[in-house]
There are 2 protein chains.
Amino acid sequence: MRSTTSSSSGPRRPAATGADDLTTRARIRDAAIARFARDGFGASLRTIAADAGVSAGLVVHHFGSKDGLRAACDTYVFEAVRDAKTEAVSPENPDAGPMSLLAQLATIEDYAPVFEYTLRSLQAGGDLARSFVAHLTEVTQEYLAAGVAAGTIRPSRDEAARASYLVSLSLGSLLVDGVLRDRTEPRDPGADLREYVGRVMLPALEVFTEGLFVEPTLLDAYVQHTTHQEETP
Amino acid sequence: MRSTTSSSSGPRRPAATGADDLTTRARIRDAAIARFARDGFGASLRTIAADAGVSAGLVVHHFGSKDGLRAACDTYVFEAVRDAKTEAVSPENPDAGPMSLLAQLATIEDYAPVFEYTLRSLQAGGDLARSFVAHLTEVTQEYLAAGVAAGTIRPSRDEAARASYLVSLSLGSLLVDGVLRDRTEPRDPGADLREYVGRVMLPALEVFTEGLFVEPTLLDAYVQHTTHQEETP
DNA sequence: CAATAGGCTAAACAAGTGTTCAACGGGTGT
DNA sequence: ACACCCGTTGAACACTTGTTTAGCCTATTG
């Protein structure tokens with residue numbers, strides 16, 4: 001029996017867009033990931049089928065429905081990101097913090113569709129986006145904790161809240177930047193990300209090393225305000 | 001002649017959802033804004049028409065097409081935000097910076113649909129989002145310049161880049177937070193925003209007053225790196 | 001070699017979409 | 001009073017969507 005319907009255990013190497021020696025099912029899934037990433041999840045089954053060089057009926061034959069295809073793409077992308085994370089974590093690169101994973105992910109050429117799909121999924125919301133953000137928050141918290149222990153990163157009054165906030169900052173900024181990009185001209189995700197980093201790196205480093213306010217008045221007032229509220233409920 | 005087709009100069013008071021003494025055209029527009037904000041721009045004309053209590057044909061009769069309706073909503077929301085900005089700018093509130101406009105906008109009950117529509121438009125991209133971000137960046141830059149002049153905000157090596165970055169940070173974080181929210185249960189935008197602020201205020205104030213890195217190593221290295229690149233092209 | 005199973009396609013289907021069209025009704029103006 | 005505009009409706013149209021079904025064609029299997 002060939003690996004015709006291997007839904008549970010996908011292949012290890014993810015989304016090599018040039019390889020056509022894949023299972024038809026895998027080819028459809030890769031085409032769907034690329035098309036979903038480019039046009040959003042409103043892309044039609046017929047377009048995806050045409051991209052994969054198959055008929056529309058075959059897609060639903062393999063995945064049951066469009067939602068099934070979407071679910072298959074989600075789990076595949078999630079596993080790809082999870083696998084890529086472990087080998088991409090290297091804390092000595094000069095990045096503005098928790099988005100180093102994403103940045104390194106996009107540099108790898110093969111992962112470009114996965115990276116785009118992840119951003120598109122974050123834009124659309126849904127379970128993949130939620131679990132992805134949760135996962136990234138967890139990684140970020142560990143990353144920050146290591147920095148705090150090493151004395152390179154300032155401690156926070158609420159480490160979990162800070163990690164969550166930093167993730168939403170980084171991802172949100174990246175998302176806004178991508179959403180505002182003109183979608184008529186042809187896009188190169190690698191170049192886009194590189195331009196984004198070049199445009200954002202200086203203010204990011206400024207804010208994250210020097211801060212924004214010269215005096216801690218606002219922070220002190222807020223901390224005192226909340227602690228007073230806690231003492232007298 | 002009544003004000004039946006007043007497209008260029010809309011009414012001053014925007015989007016009072018309870019008032020039913022409006023022009024039918026205005027009623028359709030308000031219903032579209034609310035429905036677009038809640039369900040996204042894929043909402044059908046028939047749904048919007050049903051919300052406004054009219055037929056689907058009347059909508060296109062008034063606005064030409066769905067894109068025309070979308071454009072009318074965009075310009076109306078943009079003008080509403082622009083008008084609300086001038087009277088909502090009060091620099092003494094303890095907010096984390098450039099999103100004070102948005103926050104104050106959402107507190108006003110009548111502006112809730114406008115606020116939601118703006119976020120939805122930012123999520124979907126397009127011209128309204130672009131011009132809105134550009135406008136907000138401009139306001140933010142003036143706000144920051146005033147703070148720098150007053151000595152409350154640190155100067156930046158690139159004020160424009162910092163303003164743009166801070167806007168994308170604030171809006172992006174807000175957008176991610178809204179997108180990740182569970183959309184099955186009924187939502188209250190005011191309560192959502194309040195909860196978001198309560199969850200984010202502490203880490204935001206921390207980062208923006210104390211920074212993240214204890215030593216300016218990364219920033220110094222980057223600045224030196226770029227300046228050296230500029231000297232030897 | 002014949003049979004059977006399954007990848008695969010083309011056509012059809014039902015539902016939903018934006019849009020058009022003919023008609024109606026109640027005001028307004030002459 | 002009559003005509004006329006304009007807001008308004010309901011049905012129809014053309015189209016796209018996801019999905020189903022009948023059948024073909026290849027290849028593995030007995």
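Note that the coordinates shown come from a computational prediction; the quantities given were computed from them, not determined experimentally. Proteins get letters first, then strands, A, B, ... in listed order; numbering begins at 1 in each.
When the ring-ring contact (aromatic ring centres under 6.0 Å, His included) test is applied to F41(B), the partners found at least two apart in sequence or on another chain are F36(B), Y117(B). Residues satisfying the salt bridge (charged side-chain N to carboxylate O under 4.0 Å, His left out) criterion with R187(B), sequence neighbours excluded, are E116(B), D192(B). Partners of R199(B) by salt bridge (charged side-chain N to carboxylate O under 4.0 Å, His left out), not counting sequence neighbours, listed by chain and number: D177(B), E195(B). Residues meeting the side-chain hydrogen bond (donor to acceptor under 3.5 Å, both in side chains) test with S65(A), sequence neighbours left out: none. Take D51(B) and apply the side-chain hydrogen bond (donor to acceptor under 3.5 Å, both in side chains) test, not counting sequence neighbours, and it matches R35(B). Contacts of S173(B) classified as side-chain hydrogen bond (donor to acceptor under 3.5 Å, both in side chains), with partners at least two apart in sequence or in another chain: S168(A), Y196(B). With sequence neighbours left out, the side-chain hydrogen bond (donor to acceptor under 3.5 Å, both in side chains) criterion links S156(A) to E206(B). Scored by the salt bridge (charged side-chain N to carboxylate O under 4.0 Å, His left out) test, E138(B) finds no partners at all (sequence neighbours excluded).
Rounded to a whole Å, the CG atom of L45(A) is 20 Å from the P atom of dC13(C). If you measure from atom CZ of R25(A) to atom P of dG7(C), you get 11 Å, rounded to the nearest angstrom. For I48(A) and dG18(D), the CD1 to C1' distance is 11 Å, given to the nearest whole Å.
Nucleic acid contact class of A52(A) (heavy atoms, under 4.0 Å, all strands): none. Residue A49(A) is out of contact with every strand shown, counting any heavy-atom pair closer than 4.0 Å.
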Between protein and nucleic acid, restricted to nucleotides 9-11 of chain D and to nitrogen or oxygen atoms under 3.5 Å apart, what atom pairs and distances do you find?
| unit_1 | atom_1 | unit_2 | atom_2 | d |
| --- | --- | --- | --- | --- |
| dT9(D) | OP2 | S55(B) | N | 2.9 |
| dT9(D) | OP2 | S55(B) | OG | 3.3 |

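Side-chain atoms of T47(A) and S44(A) include a donor-acceptor pair closer than 3.5 Å.
Taking 4.5 Å as the limit, some side-chain heavy atom of S55(B) sits within range of a side-chain heavy atom of L58(B).
Axis orientation changes by 20° from one end of the helix from dC1(C)-dG30(D) to dT30(C)-dA1(D) to the other, with each end axis drawn from 5 pairs and the value rounded to 10°.
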Output a table of donor-acceptor pairs, distance under 3.5 Å, between side-chain atoms of residues 123-132 of chain B and any protein atom two or more places apart or on a different chain; print 'none' if there are none.
| unit_1 | atom_1 | unit_2 | atom_2 | d |
| --- | --- | --- | --- | --- |
| Q123(B) | OE1 | R120(B) | NH1 | 3.1 |
| Q123(B) | NE2 | Q123(A) | O | 2.6 |
| D127(B) | OD1 | R130(B) | NH2 | 3.4 |
| R130(B) | NH1 | L180(A) | O | 2.5 |
| S131(B) | OG | D127(B) | O | 3.1 |
| S131(B) | OG | L128(B) | O | 3.1 |

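Residue S44(A) has a polar side-chain atom (N or O) positioned under 4.0 Å from OP1 or OP2 of dT17(D).
Within residues 63-73 of chain A, no residue has any heavy atom under 4.0 Å from DNA chain C.
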